[in-house]
Each structure stands twice: as C-alpha cells, then as structure tokens.
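Written out below as structure tokens is the structure these notes cover.
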There are 2 protein chains.
Amino acid sequence: MLTIGKLAGVTGVKVPTIRYYEQIGLLPEAGRSAGNQRLYGKAAQERLSFIRHARDLGFPLEAIRELLSLSDDPARPCAAADEIARRQLSAVKARISRLAALGTELERMLEQCSHGTMADCRVIEVLGNHDHCAQDHHGGTQDRL
Amino acid sequence: MLTIGKLAGVTGVKVPTIRYYEQIGLLPEAGRSAGNQRLYGKAAQERLSFIRHARDLGFPLEAIRELLSLSDDPARPCAAADEIARRQLSAVKARISRLAALGTELERMLEQCSHGTMADCRVIEVLGNHDHCAQDHHGGTQDRL
DNA sequence: TCTTGAACCTATAGTTGCTATAGCACTTAG
DNA sequence: CTAAGTGCTATAGCAACTATAGGTTCAAGA
C-alpha cells in the first residue's frame with residue numbers, strides 16, 4: 001500500500017493532482033489508514049499511470065474518463081476507444097498545421113525587422129495591419145492540447 | 001463613433017471580450033454616450049485590431065500588453081519588441097515539435113489496433129503501459145498558444 | 001407617440017486542468 | 001519525545017475568455 005506521496009513518486013503525477021483526480025471522480029475514492037490518510041494499491045497505481053500517459057498524449061480529461069469507462073468493460077468492441085484516439089489525432093494535426101502557419105508569419109515578421117526604433121518597427125506595423133500577412137491565420141480551432 | 005457591437009463587427013472580437021479587455025486594462029476605458037453606452041473612435045479600433053491580430057498569432061495577453069506599451073513610445077529601439085516576437089516564435093516551434101511527437105505516437109497506437117474488443121484493444125493497452133512507446137513524450141512545455 | 005425587440009449595461013459564476021495557500025493532524029527518524 | 005516531514009481539508013488563483021441573470025437604452029415600425 002502506498003501513501004499519496006509514494007504514489008506521486010512512482011507515477012510522476014503530483015500529489016495535489018491526484019487528489020484533484022479523485023475529486024472529479026477520475027480516480028475512485030481511496031481507502032484510508034487509521035489516521036485518515038489515503039492508501040493506494042496496484043489497481044489505483046495502474047489507473048493513474050494510464051491517466052498520466054493519456055494526458056501526456058494530450059487527451060482531455062473527459063476523453064480519458066470515456067476511455068477508462070470503456071476499458072472497464074472488456075467485452076465491448078474497441079471501436080469506441082479507437083474513435084476517441086482518432087479524434088485526438090486529428091485535433092493534434094489541426095493544431096500543428098495552425099501553429100505552422102503562425103510560425104511562418106512570425107518568421108516573416110522578424111525577417112523584415114530592420115532593428116531601428118519603434119517608430120518604424122515592422123513587428124508593430126505588421127501586428128497593426130493584417131494586410132501585410134501572407135497567410136490567413138484567423139479563427140483557429142480552440143481545441144486544447 | 002461606434003457602439004461596442006459595431007466595434008465587435010469590424011474587428012472580429014466578441015462583445016464580452018472587448019469589455020474584458022477594458023476590465024484588465026488592455027483597452028482604455030471607453031467614452032460613454034448619454035445613456036451610458038460605450039463609444040469607440042478610430043484609435044480604439046486600431047488598438048483592438050492590433051490585439052486581435054497578436055492574439056491570432058498566439059501572443060499571450062501579457063506580451064501584447066508589453067508590445068502596446070512599447071509602441072506607445074516611438075523613439076525607443078525596436079529590439080524589445082523584436083525579442084518578444086522571437087520568444088513567441090520559439091514557443092510556437094517548441095509546441096510544434098512536441099505535437100509532432102504526440103501525433104506519431106497516436107498514429108502508431110491506431111495502426112496497431114485490430115478492431116476487436118476492449119479486452120485486447122491496443123489503444124487501451126498502449127495507454128496503460130508506457131514501455132510500448134517509441135518516443136519520449138513526457139513532460140512537455142506548458143507554454144500556451 | 002407608443003411599443004417592441006435588439007442591443008446595451010453590471011456583476012457574478014463557469015470553463016480546463018491544475019497549482020498555491022492556510023491552517024491544521026498525523027507519522028516517523030533520531 | 002520531539003521535531004521535521006508528510007498528510008488532511010477547504011478555498012482561491014491562473015489564462016483568456018464565455019455564459020448567465022436581471023436590468024436599461026436605443027432604433028424602427030404601427
């Protein structure tokens with residue numbers, strides 16, 4: 001049985017984050033010691049590692065909640081889990097292409113800068129006037145990493 | 001003179017967002033009509049367009065605040081603005097490379113999926129066990145877009 | 001002129017995924 | 001036995017908005 005600090009150590013998830021996951025129901029309520037401290041077994045450790053890994057891959061907590069509830073039911077077809085992962089992949093791809101466009105625009109902006117005074121700074125000028133832009137970078141998707 | 005709704009229309013910034021920018025001091029307090037409604041002139045419109053464009057390029061509000069205060073002082077050298085933009089560019093690049101790694105891992109995961117039941121779903125299996133991963137995707141930078 | 005509906009106002013709470021703080025109780029090494 | 005370290009709860013804060021409630025003002029049609 002691990003205390004919350006040890007669990008944090010082995011999973012790489014911080015202590016307050018573990019308590020937060022319990023609070024939002026992503027982890028079941030932990031058993032307690034005589035002195036009211038949380039104690040974790042192997043199952044909890046595996047569940048938390050799963051969550052950690054999925055978070056590292058950018059899955060939102062709600063998606064992780066779905067994945068966990070799917071995996072609790074081994075007989076069901078795996079298509080639903082598949083679909084969640086595919087959604088995540090396409091969100092990642094969308095994010096990359098948007099960021100690539102932003103990077104290009106930022107580079108263009110910086111190349112043009114002649115390092116004089118603010119009065120004729122291209123950075124400020126470009127930001128003030130969208131007509132200078134080569135690409136359309138308006139209204140990107142809001143899906144979070 | 002534009003009402004807040006018209007200003008929202010021409011700049012593409014939503015009405016509550018404009019009020020929010022005023023509240024946090026990114027926009028100066030707007031003048032008011034006889035009936036206490038905000039009225040905006042050309043200067044406010046340009047300032048807001050600047051903010052919008054910088055946000056589209058992913059600059060955090062604090063960076064925008066700096067850029068605005070720099071541009072209010074046309075005699076100063078442009079190096080400071082340059083530096084802010086360079087920081088933003090490197091944040092964008094870091095974000096892209098991290099996302100690319102995540103994308104690769106997600107693709108690998110999905111390729112291996114044999115579309116059976118949850119019991120032997122690779123998606124779940126891979127998420128549960130980091131040893132399956134080709135790459136290191138732990139502890140990415142937290143800088144926001 | 002009256003009325004209706006859109007657009008405005010303020011203030012507050014919610015979003016995501018944590019992180020930090022305050023003020024305690026418990027546990028463990030010396 | 002005591003002091004440091006870890007644990008507990010509850011609450012507030014972060015970015016950057018978005019949504020809601022409950023009220024006022026404005027513009028246009030009858």
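All chains are named by letter (A, B, ...) in the order of the sequence lines, taking the proteins before the strands, and each is independently numbered beginning at 1.
Partners of B/Ala79 under the side chain to side chain contact (heavy atoms under 4.5 Å, CB included) rule, at least two apart in sequence or in another chain, do not exist in this structure. In this view, A/Lys93 and B/Glu107 satisfy the side-chain hydrogen bond (donor to acceptor under 3.5 Å, both in side chains) rule, not counting sequence neighbours. Looking at residues two or more places apart in sequence or on another chain, you find a side-chain hydrogen bond (donor to acceptor under 3.5 Å, both in side chains) between A/Glu62 and A/Arg65. B/Ala80 pairs by the side chain to side chain contact (heavy atoms under 4.5 Å, CB included) definition with B/Leu70, not counting sequence neighbours. The ring-ring contact (aromatic ring centres under 6.0 Å, His included) search around B/His130 returns A/His53, B/His137, B/His138, not counting sequence neighbours.
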Return all side-chain donor-acceptor pairs below 3.5 angstrom for residues 3-29 of chain A, not counting sequence neighbours, or 'none' if the list is empty.
from: A/Thr11; atom 1: OG1; to: A/Leu7; atom 2: O; distance (Å): 2.7
from: A/Thr11; atom 1: OG1; to: A/Val13; atom 2: N; distance (Å): 3.3
from: A/Glu22; atom 1: OE1; to: A/Arg38; atom 2: NE; distance (Å): 3.0

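Separating the CD1 atom of A/Ile18 from the P atom of C/dG17 is a distance of 17 Å, rounded to the nearest angstrom. Following rounding to the nearest Å, A/Leu26 (CG) and C/dT16 (C1') show an atom-to-atom distance of 13 Å. Atoms CG (A/Asp56) and P (C/dG17) sit 14 Å apart, rounded to a whole Å. Spacing between atom CG of A/Leu7 and atom P of D/dC8 amounts to 11 Å, rounded to whole angstrom units.
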One character per nucleotide, please: for nucleotides 5-14 of chain C, 5' to 3', B when the base has a protein heavy atom closer than 4.0 Å, S when only the sugar-phosphate does, - otherwise. ---SSB----
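Applying the side-chain hydrogen bond (donor to acceptor under 3.5 Å, both in side chains) definition to pairs two or more places apart or across chains, none involves residues 39-51 of chain B.
Under 4.0 angstrom from either OP1 or OP2 of D/dG7 there lies no side-chain N or O belonging to A/Ser33.
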What does the list of N/O pairs under 3.5 Å between the protein and nucleotides 18-23 of chain C look like, with a distance for each?
from: C/dC18; atom 1: OP2; to: A/Tyr21; atom 2: OH; distance (Å): 2.7
from: C/dC18; atom 1: OP2; to: A/Arg55; atom 2: NE; distance (Å): 2.7
from: C/dT19; atom 1: OP1; to: A/Lys14; atom 2: NZ; distance (Å): 3.3
from: C/dT19; atom 1: OP2; to: A/Thr17; atom 2: OG1; distance (Å): 3.0

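Taking both residues in full, the closest heavy atoms of A/Arg98 and B/Asp56 are given as NH2-O, 3.1 Å, listed atom of the first, atom of the second, then distance.
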